[in-house]
2 protein chains.
Amino acid sequence: MKLQQLKYLLAIVDNGLNITAAAERLYTSQPGVSKQLKLLEEELGLQLFTRKGKSLDGVTPAGEQVIERARVVMQEVENIRSLASDFYHEEEGSLSIATTHTQARYVLPDVIREFRERFPNVSLNLHQGTSEQIADMVNANAIDFAIATGSRDLFSNLLLVPSYRWDRKIIVPRDHPLTRLDRKLTLADLAEYPLVTYVFSFGGQSSLKRAFADEGLEPDVVFTARDADVIKTYVRMGLGVGIVASMAEDCADQKDLAALDAEGLFPRSTTWIGYRRDILLRRYMLDFIQLFAPHISAEQLEKTRQIRNQAEMDKLFSGAELPVRGGCSDDINEAA
Amino acid sequence: MKLQQLKYLLAIVDNGLNITAAAERLYTSQPGVSKQLKLLEEELGLQLFTRKGKSLDGVTPAGEQVIERARVVMQEVENIRSLASDFYHEEEGSLSIATTHTQARYVLPDVIREFRERFPNVSLNLHQGTSEQIADMVNANAIDFAIATGSRDLFSNLLLVPSYRWDRKIIVPRDHPLTRLDRKLTLADLAEYPLVTYVFSFGGQSSLKRAFADEGLEPDVVFTARDADVIKTYVRMGLGVGIVASMAEDCADQKDLAALDAEGLFPRSTTWIGYRRDILLRRYMLDFIQLFAPHISAEQLEKTRQIRNQAEMDKLFSGAELPVRGGCSDDINEAA
DNA sequence: CTTCGCGTATAACCATGTGTTATATAGGCG
DNA sequence: CGCCTATATAACACATGGTTATACGCGAAG
């Protein structure tokens, strides 16, 4: 058995059981791949694939098992290479991150600016997508880090590091009646106006809708968008009252919009950063995590490296109170 | 990177950093091993070992990490081979078991007889030793199954399948005064006589001594042995009253010895069968477990295969009441 | 049924790599 | 300083993996 053979095997599987396609992807010839697959099957003494004529048609039960373990092998080999680079070229490598709009637009810019300063030779890849798309990228092992909010079950195969918590903010035009309210805002107040908010996707189905329902209110959601920028645009147009993540409050908005505190009206959300449990965290990856979640102590960070399941992770951070991230006024930059 | 190189690396480590010895163990030449190690170090771009002149002197921190992961790789490769055999030669292979005297002498014979009948082509290796020796063999990856009682902490890196529970039996000469007792035996009764029992090793320090102490009694232990046969010998000689595991009661003993029930006098012990969490359980291994612990259902057995940590294991068997194994009268064979 | 196209297996050949033997070399030790 | 042990180096033999060219099997289309 050779690592090459396992690599070829996985390439075949990942290319729809098409040996020719796998060979192309591997920058080698089709007969070479065919030959190695044959040798592997001969050595193991079993068929890994079912055939239809000469073409591969499916994976045998035995094949499933072998493939599963071959992935572990290749991952560990990758980890060996990775840690070797980490010892020799501590500041070089690549980091792929998949995240949602809110993170990419409002939270990550500062983190990434600092990260790039500290690690100019780490090539960064940032992918924006929905929770589902992020989950897909994770499962395809195409990214190193996923950053998202809620929906833990969608990412059950990741180790999640809780990073910060946040509330909602209510965005209205500066002259809106709600800005003249002389008491704390209530859900009932909001229910009086047409609302503009996120597509109900993350955090289970609409924790927002649930919050209204719990008080016997029926919100009038006139528009839903994927991101806060779109929401603000429609709020500016007077279409309704915007409900966005507190991080999305931008100081530059203050000239025509007002952001009202909605703390307590809706359940607090937790944003986490996650990674596959079988990858090796390189030095700069740990540093990225700490930049993203600065409340994590050096010891916690070091321990994180050894953790292999979510229960341990939760235990590690169970004591710590997560920071609550706001928007413009209590911006993390100003606090620092 | 080649599997061969990782194999050589581990062989070097496992042969005290002696390349020549590693080469001999691998049935190959010393220059070949040297060369591959060099190639591996060059590819990874780091020193895996510290050198004193030309000889290897120690492992670098980077080396430690690489070695650790190389072991995972080789184990998974072994598992692939193993499952391939399992599909093709379901009834062939080898099974190494390490266990204590009591198991080897009184419990395993029946199990092994049946196992050999069912799998005549599986070569069996049985090693007897103390808990510590068994733990060593486990850690050296020299055995497949460990069977022992208590001392879970000594085997924390194994997955333990609880198998059965047992009480103690009191062994006395047939004409001993205790045989004429017309009530249930008490610890106070035992404390009246000199005692012969096991070396206090397993199950924490002397659950036996503790049981007496809890009732304010001081037992007079005149002799301790490693196994029940020795104990019986001294009981026959009239040296004292024997306390042994209930499994050690042998019907053949009845002509000159009497076995008195000690249920309730001492805490019940649990015997388990354990294996490293990273090995692949072959079909015949599962069957062995079931022969040893027949109360395990087929579904439980199948689930066992997927389990990777002790918490899951304990959960799987939390509902089931373990059988209590006796000696001669309620022998498992007669019950069956 | 025939033909075409796609994909895989086989064959012959070549380049690279791995292991072998022989030998040089470095350190430890008395 | 010389012997012993262990590793590195060199030169060579041969096994292995990859390449190109080509044959073959199946399904789709006519």
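Excluded from the calculations below are hydrogen atoms, water molecules and symmetry mates; all remaining heavy atoms, backbone and side chain alike, are included. Because the structure is a prediction, the values reported are computed rather than measured. Below, chain A is the first sequence line, B the second, and so on; all start at residue 1.
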Could you tell me whether the phosphate oxygens of [N], OP1 or OP2, come under 4.0 Å of any side-chain nitrogen or oxygen in [X]?
X	N	value
A:Gln30	C:dG7	no
B:Thr28	C:dT20	yes
B:Ser29	C:dT20	yes
A:Lys54	D:dA23	no
A:Gln4	D:dG17	no
B:Tyr8	C:dG19	yes
A:Thr20	C:dT8	yes

> Quick one: do the A:Gln133 and A:Asp136 side chains pair a donor with an acceptor below 3.5 Å?
Replying inline: no
> Is A:Arg116 paired with A:Asp287 through a side-chain N to carboxylate O contact shorter than 4.0 Å?
Replying inline: no
> Using 4.0 Å as the upper bound for N to carboxylate O, is an ion pair formed by B:Glu68 and B:Arg71?
Replying inline: no
Per [X] side chain, nearest of listed nucleotides [options]:
X	options	value
B:Asn18	C:dG19, D:dG17, D:dA6	D:dA6
B:Ile19	D:dG17, D:dA8, C:dT10	D:dA8
A:Pro31	D:dA8, D:dT16, D:dT20	D:dT20
B:Ser55	D:dG17, C:dT8, D:dT7	D:dT7
B:Lys2	D:dT7, C:dT18, C:dA9	C:dT18

> Is B:Leu17 close to B:Phe49 at the side-chain level, that is, under 4.5 Å between some pair of heavy atoms?
Replying inline: yes
> Whole Å only: how far is the CG atom of B:Leu17 from the P atom of D:dT5?
Replying inline: 19 Å
> Any donor-acceptor pair under 3.5 Å joining the side chain of B:Lys52 to the base of C:dG28?
Replying inline: no
>> Heavy-atom nearest nucleotide on DNA chain C for B:Gly32 versus A:Leu56: which residue maps closer to 5'?
In response: A:Leu56
> Base, sugar-phosphate alone, or nothing: which one does B:Leu37 contact when heavy atoms must sit under 4.0 Å apart?
Replying inline: nothing
>> Would you call the rings of A:Phe145 and A:Tyr275 parallel, tilted or perpendicular, taking 30° and 60° as the class edges?
In response: tilted
